[in-house]
Amino acid sequence: MDFDDTPEEAAFRREVRAFLEAHARRKTGTDADWSRGGVSEDPERAAAYLERCRAWQRTLFDNGWAGITWPKEYGGRGGTPAESIIFNQEASQFDVTTGFIGAAQQLVGPPLLRFGTEEQKARYIPSMLKGDELWCQLFSEPGAGSDLAALATRAVRDGDEWVVTGQKVWTSEAQHADFGILLARTDPDAPKHKGITFFIVDMHSPGIEIRPLVQATGLSHFNEVFLTDVRIPAGNVVGEVNGGWAVARTTLASEAGMIGGAGQTTTFQAVLELARACGRTGDPIVRQGLADVYTRERILKFHQMRMQTAIMHRRGSPPDPSVLKNFFTQSLSKRVDLAIALEGAHGMLASADAPQDGFWQKQHMAQFSARIGGGTNEVHRNMIGERALGLPPEPRDDKDVPWRDLPKS
Ligand SMILES: Cc1cc2nc3c(=O)[nH]c(=O)nc-3n(C[C@H](O)[C@H](O)[C@H](O)COP(=O)(O)OP(=O)(O)OC[C@H]3O[C@@H](n4cnc5c(N)ncnc54)[C@H](O)[C@@H]3O)c2cc1C
């Protein structure tokens, strides 16, 4: 592995640091960090958090740091993947985040940049990078999650418009979104992967009803979205009609890599501080748990560095995104399990009654959704088997059957 910056990269890193020093303060790793506030069920705190995320996105845009690898003509910086990595490395030390705004950009930007028309890119990308318009991803349905290509939301052409009816579920942050990327079935007679179209939908359109789902954490991160005769202009198709699966794959690939490469709200250092605060660092079982958490954090870092070396220095091959995603979520589980164990009986309390305002309790419950979102750990294991280990693929005997004839749940 090679971690040394080239002279150009070192100069870029200095520029990034100067920007961050001027516009943000360093993380303390405590409750004082506003960027930790995304897990509050208090509506006022949650709204204030979203506004700070939006304000930080605007600061990035105004100073030329939004969309580092995205083209300049759409408001990006026109930089390299190496510069994007350097920026994220430096920013991770500061009390800043774009929260779900940045995550949604990673889902929406790649398909629009690759398959979108000039009009679509010019209309949607600058306002996304400014944080003026927020986005969500309308892919999963009650009968289509891991088997996403089974989706049943229908879009029927009517003159210059498509009329869409169906139900989506687990739609993160739909309640705040102005636009969504939507998959709908446009040819039920084609095999399931071949009759899907990728649309941009205005979330304020008549016929869209958003019902928040309350999670075990008390938060409503995701929603059910019902679409009834929603009219979408024909110009909002991204890519080819019935060719939406290829467009969607751009989003799915970006999603797994994004989750696996994400920074962590819960770190080994934070668990160690908790062990110290609880007076448990002398306990041999706790020490063993801390060593386990530390080792996993290092191994995850190793995978991320492999990715960095492959991208920045074109040496070696990057790890499979599914390996990153699964290792990330497993390490998270180890950290939060240990943290709750450290709190002992207090670990059973919730919210304001619990230590640190219930921070570890929320992280503990959020681990389960982390193992599901962006594709479940089991499905990513299948991909590791097929792509990384070259094992025989899962039987897919419904691949060539018209979607109309497939059994539906
Ligand atoms: C926090 C969070 C945020 C999300 N945000 C969004 C969003 O913004 N937009 C969106 O469209 N979706 C979103 N999702 C949905 C997510 O992509 C799906 O939940 C996920 O793909 C799994 O689908 P499912 O829930 O239908 O489970 P299922 O596919 O029904 O799976 C049920 C169980 O069967 C297992 N299983 C299924 N198929 C296989 C197989 N072939 N081999 C082995 N095991 C298998 C799964 O691992 C799982 O344990 C989100 C989910 C979460 C948890």
Side-chain angles (χ1 to χ4, degrees), residues 38-39 99-108 111 134-153 166-177 179-184 192 196 198-201 203 208 210-227 244-245 247-256 258-259 262 265 321-322 325-326 328-330 332-333 362-387 391-399 407-409:
V39 287
F100 191 75
I101 297 175
Q105 285 175 5
Q106 295 309 311
L107 305 179
V108 178
L134 307 188
W135 287 71
C136 65
Q137 177 197 18
L138 297 149
F139 284 12
S140 304
E141 299 182 4
S146 303
D147 186 10
L148 181 60
L151 61 92
T153 291
Q167 184 197 341
K168 297 290 174 179
V169 73
W170 317 129
T171 317
S172 301
E173 307 291 336
Q175 67 272 50
H176 304 300
F179 292 96
I181 48 174
L182 167 81
L183 294 182
K192 61 180 179 178
I196 294 172
F198 190 111
F199 294 93
I200 295 168
V201 59
M203 292 300 287
I208 296 190
I210 299 167
R211 294 189 201 159
L213 291 166
V214 182
Q215 294 164 247
T217 52
L219 309 174
S220 294
H221 166 78
F222 44 48
N223 305 266
E224 292 177 296
V225 178
F226 294 85
L227 302 111
W245 189 248
V247 189
R249 283 171 67 104
T250 325
T251 295
L252 300 175
S254 174
E255 191 171 16
M258 173 184 83
I259 295 171
T265 316
S322 295
K325 202 265 171 180
N326 276 12
F328 177 84
T329 53
Q330 283 170 3
L332 170 68
S333 295
K362 290 196 190 82
Q363 297 294 340
H364 191 263
M365 284 189 278
Q367 67 168 301
F368 304 108
S369 54
R371 287 191 222 158
I372 300 169
T376 67
N377 279 18
E378 292 78 18
V379 167
H380 280 291
R381 273 191 210 116
N382 287 347
M383 294 185 200
I384 292 168
E386 292 179 22
R387 282 193 311 234
L391 297 176
E394 281 211 306
R396 294 189 176 99
D397 48 12
D398 60 356
K399 220 174 122 207
K408 313 280 186 310
S409 61

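Just so we're clear, the structure is a prediction, and the values are computed from it rather than from any experiment. Atoms within each ligand, like the ligands themselves, are counted from 1 in listed order. For the single chain, residues carry numbers from 1 onward in sequence order.
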### Query
For the side-chain hydrogen bond (donor to acceptor under 3.5 Å, both in side chains) test, which of Gln167, Lys168, Arg211 pairs with Glu224?
Gln167

### Query
Do the side chain of Thr251 and the main chain of Leu107 share a donor and acceptor less than 3.5 angstrom apart?
yes

### Query
So which protein heavy atom does atom 26 (O) of ligand 1 come closest to, and at what separation?
Gly145 CA, 3.3 Å

## Note on the structure
Taking every heavy atom of Gln175 against every heavy atom of Ser220, the minimum-distance pair comes out as NE2-O, 2.7 Å

### Task
Please identify each residue that fulfils salt bridge (charged side-chain N to carboxylate O under 4.0 Å, His left out) with Arg381, with sequence neighbours left out.
none

#### Entry: Rounded distance (nearest 0.5 Å) linking atom CD1 of Ile200 with atom CH2 of Trp135
4.5 Å

### Query
Which atoms form the tightest heavy-atom contact between Val247 and Pro111, and what is the distance?
CG1-CB, 3.7 Å

### Message
Just to confirm my output: which protein heavy-atom neighbour is closest to atom 44 (N) of ligand 1, and how far is it?
### Response
Glu378 CB, 3.6 Å

### Task
Answer yes when Lys408 and Glu141 have at least one side-chain N-carboxylate O distance shorter than 4.0 Å, and no when they do not.
no

### Message
Once you restrict to heavy atoms under 4.0 Å, what part of Glu394 touches ligand 1? Side chain, backbone, both or neither.
### Response
side chain

### Query
Can a protein heavy atom be found under 4.0 Å away from atom 30 (O) of ligand 1?
no

### Task
Could you check atom 51 (C) of ligand 1 against the protein and tell me its nearest heavy-atom contact, residue, atom and distance included?
Gly373 CA, 3.6 Å

### Polar proximity ligand 1 side, His221 side, N/O cut 3.5 Å exclusive
no

### Query
If hydrogens are left out, which of Ala177, Ala144, Ser369 has an atom nearest to atom 53 (C) of ligand 1, that is, the closest non-hydrogen atom?
Ser369

### Donor + acceptor pair across side chains of Thr376, Arg371 (<3.5 Å)
no

### Task
Give the residue, atom name and distance (to 0.1 Å) of the protein heavy atom nearest atom 6 (C) of ligand 1.
Trp170 O, 2.7 Å

### Summary
Nearest non-hydrogen protein atom to atom 8 (O) of ligand 1, with distance, is Ser172 N, 2.9 Å

### Query
Which atoms of ligand 1 sit under 4.0 Å from any heavy atom of Phe139?
11 (O)

### Message
Heavy atoms only, cut-off 4.0 Å: how does Asn377 contact ligand 1, side chain, backbone, both, or neither?
### Response
neither

### Task
Please determine, by modelled atom types, if His221 and Glu173 share a side-chain donor-acceptor pair under 3.5 angstrom.
yes

### Query
Any protein heavy atom lying closer than 4.0 Å to atom 40 (C) of ligand 1?
yes

## Note on the structure
OG1 of Thr153 to CZ of Phe139, rounded to nearest 0.5 Å, is 12.0 Å

### Sub-4.0 Å atoms of ligand 1 with respect to non-hydrogen atoms of Gln137
7 (C), 8 (O), 9 (N), 10 (C), 11 (O)

### Query
Does some non-hydrogen atom of the protein lie less than 4.0 angstrom from atom 33 (C) of ligand 1?
no

### Query
What pair of heavy atoms forms the shortest contact from His380 to Asn326, and how long is it?
CB-OD1, 3.4 Å

#### Entry: Taking atom 19 (O) of ligand 1 as the reference point, the nearest protein heavy atom with its distance
Ile372 CG2, 3.4 Å

### Task
With heavy atoms only and a cut-off of under 4.0 Å, state how Thr376 meets ligand 1: side chain, backbone, both or neither.
side chain

### Message
Return the closest protein heavy atom for atom 38 (N) of ligand 1 as residue, atom name and distance.
### Response
Ser146 CB, 3.7 Å

### Shortest protein contact, atom 11 (O) of ligand 1 (heavy atom only)
Ser140 N, 2.7 Å

